[in-house]
Number of protein chains: 2
Amino acid sequence: MKRKKTTPITIKDLAKELNLSPSTISRALADHPKISQATKKLVSERAEQSGFRLNAIASSFRSKKTKSIGIIVPRIDIDFHSRVISGIEDCAYKSGYHVIIFQSKDSYKMEKEIIQNLQNMMVEGMIICLAMETKNFDHLKKLIKTKLPVVFYDRTPETFDTNKITINDFESAFNATEHLIKIGCKNIVHIAGNQSTGIFRARLEGYKAALKSYHLPLRDDHIFVTHSLSYQEGLTCAEKILELNPLPDGVFCANDYTAASMVKVLNKRKINVPEQVAIVGFSDYPIAQIIEPSLTTINDRAVQMGEAAAKMLIQHIQDQDFDIIDHQVITLKTELIVRESSTRKA
Amino acid sequence: MKRKKTTPITIKDLAKELNLSPSTISRALADHPKISQATKKLVSERAEQSGFRLNAIASSFRSKKTKSIGIIVPRIDIDFHSRVISGIEDCAYKSGYHVIIFQSKDSYKMEKEIIQNLQNMMVEGMIICLAMETKNFDHLKKLIKTKLPVVFYDRTPETFDTNKITINDFESAFNATEHLIKIGCKNIVHIAGNQSTGIFRARLEGYKAALKSYHLPLRDDHIFVTHSLSYQEGLTCAEKILELNPLPDGVFCANDYTAASMVKVLNKRKINVPEQVAIVGFSDYPIAQIIEPSLTTINDRAVQMGEAAAKMLIQHIQDQDFDIIDHQVITLKTELIVRESSTRKA
DNA sequence: ACTATTAATGCAAACATTTGCCCAAAAATT
DNA sequence: AATTTTTGGGCAAATGTTTGCATTAATAGT
């Protein structure tokens, strides 16, 4: 049972059958204005019933348009990223683009390698969330110098200006912390993310700024920096926080996983959330509404971020007018979602 | 400021510079045995420092190998699928393949359209999870008849045999239910998924079989069929379940979202889980360990499923010996993870 | 009726790479 | 020294589509 490689029907075949030239077929298929409706119909009908399919590779080769965009994310199976990707794919599909996705696994080496590959594949643009390891941005600068449209999201290069979509992490953190203050917290701790990443630094700064702005004391032992904001790490942090004396009355966590661990540990210790300790998370992961008490958090607009990134990228790819734009920055509004974990009866 | 489309360096350029023929360059780059180490080194060095990049499109065009595999999932932003995709990407990358991902949004029409596109793109194989709407499998049969390697996972065609990776949903559900029985439940209800989908039918059957096997009565009003097993639907179901008289002492849910809603509602009503009602979910989503009480569930091997699918697909693509295989089915072992929601003190 | 347009199609080159086959030089074998 | 084998490369075709330019046919304008 051999693999019968039935050679596919080409434009030439179609041309021969219909007594037309390949160019006409090509144009008819592309709905070119100079082809009559009659022939267009003829061609598309014959194409349909003969099972013809346009060889996209050959097409790309000749036209230099691959209709593909590359995406690099740290990992696909993180809620935030999978939602961003979903937004990107959605938007791209509607514009006739498809997405090629790679995971850097937060490795600098992988990131460089993938960018190379993507360039070889002649993607028309790239959407990137930086690997955590990435401290050196030379490869990105070089990439951008090739004039290939690139848009960053979430974790973006810090040493130079470029296209990016972010949320205002500083402000969001400020608002989250302010919210805790307004419900009466005076002794607020922060579970922070990896400080080598800009967004987590910004969240920490937002927390600090809010305290300062309300003249609350800033204490170093109220800041707990984690490596990756995992649920596990959150548990460890929570234990340490419980040793604090006096016990804090509010916790602002840089993501929902650590906030969830905080809730979990407090529940276990019979410390009432939100009455004794109020909690605010970040990102509005699915767990946020499921957990008991449900979690006050920041909607970080993952899907919209993906859509915005795709939209921006495609504009840069297609629209000549965008050539004069050196770089473009879009900051999405976030939203404080108040739930039980910070709603006090009083 | 015009977009300076600096024409990339080609193999020909390299050939000219080094006084070699394009074929030699091509072969040197591909590490062809008939090229001397000396020239290979020469070529790769020159290529490196001149910033040469092999045009993958042209290469694919000529060689008919795109090194790409297409993935169709209902949606990317569902834990299960994002984990499967992660597994696929990982495995594919290691073998030099890249993945092109589309979301069918559970639409039959989209699914057909995407398959067409993917064929045009000349992917070397596809990994597909069927759209919920898909009842007619003609397009899939046609696809497979083209001899393009295809592997299905999770939701797979039911009317004909084909390559697939699944878990044993029936058995897993049986085990889950049996577990409830063994801890003393005698009155177990089931929150079921959409019955037009095979895996959810299988889970229901597994539930039934377990009851039968332990001579427990089977009651129609103990089966709650949902449309999409969403958290919201779960809440509605939970309310209905609470109206049952007598109150059930065990609930087996076809996924963790609905299990979570069940827990949530019972908590609210101060009905003790697991003492009064024990709960088992399915899939081991992140919430499963975070929720209070933590959730007994079935590890559905999402990542491994992705890896297995990619591995199988790539074998079929590369290995001649696989030509005589008509179809291949791999069923992964699942694992019952016992947590608090089904651990009774007694 | 004759030219000027317009509409519809064809010609042929070009795209960058791979690959079957051929060839020359060098090495090995008589 | 003559022949065979091996080694390292080159030639040129082929891949399927697109596109600038040329060409023909049809229509309109005078």
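Sequence lines set the chain letters: A, B, ... in the order given, protein chains first and strands last, and positions in each chain run from 1.
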Test side-chain contact (heavy atoms from CB on, under 4.5 Å) applied to A:E133 and A:E111, step by step: CA-CA 9 Å; A:E133 271 180 34; A:E111 183 175 289; over 6 Å; no

Heteroatom pairs (N/O) under 3.5 angstrom, protein to nucleotides 16-18 of chain D:
{"residue": "D:dT17", "atom": "OP1", "partner": "A:N55", "partner atom": "N", "Å": "3.2"}
{"residue": "D:dT17", "atom": "OP2", "partner": "A:I11", "partner atom": "N", "Å": "2.5"}
{"residue": "D:dT18", "atom": "OP1", "partner": "A:S59", "partner atom": "OG", "Å": "3.1"}
{"residue": "D:dT18", "atom": "OP2", "partner": "A:S26", "partner atom": "OG", "Å": "2.5"}
{"residue": "D:dT18", "atom": "O2", "partner": "A:R62", "partner atom": "NE", "Å": "3.4"}
{"residue": "D:dT18", "atom": "O2", "partner": "A:R62", "partner atom": "NH1", "Å": "2.3"}

A:M122 CE - C:dT17 P separation (whole Å): 9 Å

Shortest non-hydrogen contact between B:M132 and B:R155, atoms and distance: N-NH2, 3.4 Å

Please list each protein N or O that sits under 3.5 Å from an N or O in nucleotides 24-28 of chain D, with the distance.
none

Aromatic ring pairing A:Y93/B:F102, orientation class (parallel under 30°, perpendicular over 60°, tilted between): perpendicular

Sugar-phosphate only, base, or nothing, as touched by A:N19 at under 4.0 Å among non-hydrogen atoms: sugar-phosphate

Full working for side-chain contact (heavy atoms from CB on, under 4.5 Å) between B:I85 and A:I85: CA-CA 12 Å; B:I85 293 173; A:I85 293 173; over 6 Å; no

Closest heavy-atom pair and its distance - B:I115, B:M126: O-CE, 3.7 Å

Spacing between A:K16 atom NZ and C:dT9 atom P, to the nearest angstrom: 20 Å

Minimum side-chain heavy-atom gap B:V150-B:L140 below 4.5 Å: no

Sugar-phosphate, base or nothing in reach of A:L20, heavy atoms under 4.0 Å: sugar-phosphate

B:H32 NE2 - C:dC21 C1' separation (whole Å): 12 Å

Phosphate OP1/OP2 of D:dT7: any B:S36 side-chain N/O under 4.0 Å: no

B:H316 versus B:Q328, side-chain donor and acceptor atoms under 3.5 Å: yes

Between CD on residue A:Q49 and OG on residue A:S44, distance to nearest 0.5 Å: 10.5 Å

Pairwise 5' ranking along DNA chain C for B:T24 and A:T24, keeping only the more 5' one: A:T24

Side-chain donor or acceptor of A:E124 paired with backbone N/O of A:K67 under 3.5 Å: yes

Which atoms of nucleotides 22-25 of chain C (N or O only) lie under 3.5 Å from a protein N or O atom, and what are those distances?
none

Whole angstrom value for the distance that separates P of C:dT17 from CE of A:M121: 15 Å

Rounded distance in Å - NZ (B:K40) to C1' (D:dG9): 13 Å

Minimum heavy-atom distance between B:P157 and B:F137, given as atom pair plus value: CA-CE2, 4.0 Å

Spacing of B:K65 atom NZ relative to D:dT15 atom P, expressed in whole Å: 16 Å

Check against ring pair (Phe, Tyr, Trp, His ring centres under 6.0 Å), B:H327 and B:F160: CA-CA 10 Å; B:H327 67 276; B:F160 61 98; 9.4 Å; no

Rounded distance (Å) that lies between atom C1' of D:dG8 and atom CG of B:L18: 15 Å

